[in-house]
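I have placed the structure first, in the form of structure tokens, so that the comments after it can refer back to it.
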Amino acid sequence: QVQLVESGGGLVQPGESLVLSCAADTSFFSIYPKSWYRQAPGKQRELVATITFGGDTNYTDSVKGRFTIFRDNAKNTMYLQMNNLKPEDTAVYYCNAARVGRDEYYWGQGTQVTVSL
């Protein structure tokens with residue numbers, strides 16, 4: 001059984017902050033979260049941020065300087081610190097994880113982020 005559980009979404013006003021988390025839990029094989037995606041209504045899912053096993057990070061241009069992706073390996077958990085949120089950040093955010101030693105990927109259930117006055 002593989003579980004990839006997201007949390008931390010919510011409703012905030014522009015300029016406020018949220019932290020998303022993605023916890024990987026499996027008793028059978030090892031996976032690690034590596035990417036955050038988001039999908040806004042009527043839009044395609046887009047890659048927001050990635051972190052490699054070695055800790056290198058990359059971000060889509062629209063969130064650079066505002067979002068930070070990081071991982072706690074001991075807890076098998078990946079985070080997305082989102083500062084200075086804007087209405088255009090409103091979307092369902094999805095965690096994506098890779099299976100160790102395999103070209104296989106898994107999705108979290110999604111967490112809603114809404115930025116509105």
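Along the sequence shown, residues are numbered consecutively beginning with 1.
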Shortest non-hydrogen contact from A98 to K34? CB-CD, 3.9 Å
Backbone N/O of F53 and side chain of R71: donor-acceptor pair under 3.5 Å: yes
Does NZ or CZ of R45 fall inside the cone over W107's six-membered ring, less than 6.0 Å from its centre and within 45° of the axis? yes
Between R66 (side chain) and S62 (backbone), is there a donor-acceptor pair under 3.5 Å? yes
Once you round to the nearest 0.5 Å, how far does OG of S35 lie from CD1 of I51? 10.0 Å
ILVMFWY network linking L80 to Y94, side-chain heavy atoms under 4.5 angstrom: no
Going by distance alone, is a donor N or O of one side chain under 3.5 Å from an acceptor N or O of the other, for Y106 and E104? yes
Verify whether the ring centers belonging to Y79 and F70 lie closer than 6.0 Å. yes
Can you hop from M78 to L4 via hydrophobic side chains spaced under 4.5 Å? no
Treating D89 as the side-chain partner and K86 as the backbone partner, does any N or O pair qualify as donor plus acceptor under 3.5 Å? yes
Hydrophobic cluster membership, Y37 vs V92, 4.5 Å side-chain cutoff: yes
Side chains of S21 and S7, donor plus acceptor under 3.5 Å: yes
Check whether Q109 reaches the backbone of E6 with its side chain - one donor and one acceptor, N or O, closer than 3.5 Å. yes
Within-4.5 Å side-chain heavy-atom neighbours: L20 and F67: no
Without hydrogens or angle criteria, can the side chains of T90 and E88 be said to hold a donor-acceptor pair below 3.5 Å? no
Is there side-chain contact between P87 and S116, with heavy atoms separated by less than 4.5 Å? no
Nearest non-hydrogen partners of Q81 and V19, listed with the distance: OE1-CG2, 2.9 Å
Looking only at heavy atoms, the pair that brings A40 and A91 closest together is N-CB, 3.8 Å
With clusters defined by side-chain heavy atoms of hydrophobic residues (ILVMFWY) lying less than 4.5 Å apart, directly or transitively, does V115 cluster with Y93? yes
Smallest separation among heavy atoms of I31 and A97, with atom names: CD1-CB, 4.2 Å
Same cluster or not: I69 versus L18, using hydrophobic residues (I, L, V, M, F, W, Y) connected whenever any side-chain heavy atoms lie under 4.5 Å apart? yes
Supply the atom-to-atom distance L11 CG to T114 OG1, rounded to the nearest 0.5 angstrom. 6.0 Å
Hey, are S17 and N83 close enough side-chain-wise for a donor-acceptor pair under 3.5 Å? yes
Over all heavy atoms of both residues, which pair between L117 and P14 is shortest? Give the atoms and the distance, please. CD2-CD, 3.8 Å
Testing V113, V63, L47, T111 one by one against R38 for a side chain to side chain contact (heavy atoms under 4.5 Å, CB included), which residue passes? V63
When you measure from the side chain of T77 to the backbone of K75, do you find a donor-acceptor pair of N or O atoms at a distance under 3.5 Å? yes
Would N96 and W36 count as a side-chain contact (heavy atoms from CB on, under 4.5 Å) here? Give the steps. CA-CA 6 Å; N96 187 259; W36 287 100; over 6 Å; no
I'd like to know if K64 and D61 make a salt bridge, using a cut-off of under 4.0 Å between side-chain N and carboxylate O. yes
State whether the side chain of T60 and the backbone N or O of V48 hold a donor-acceptor pair below 3.5 Å, judged by distance alone. no
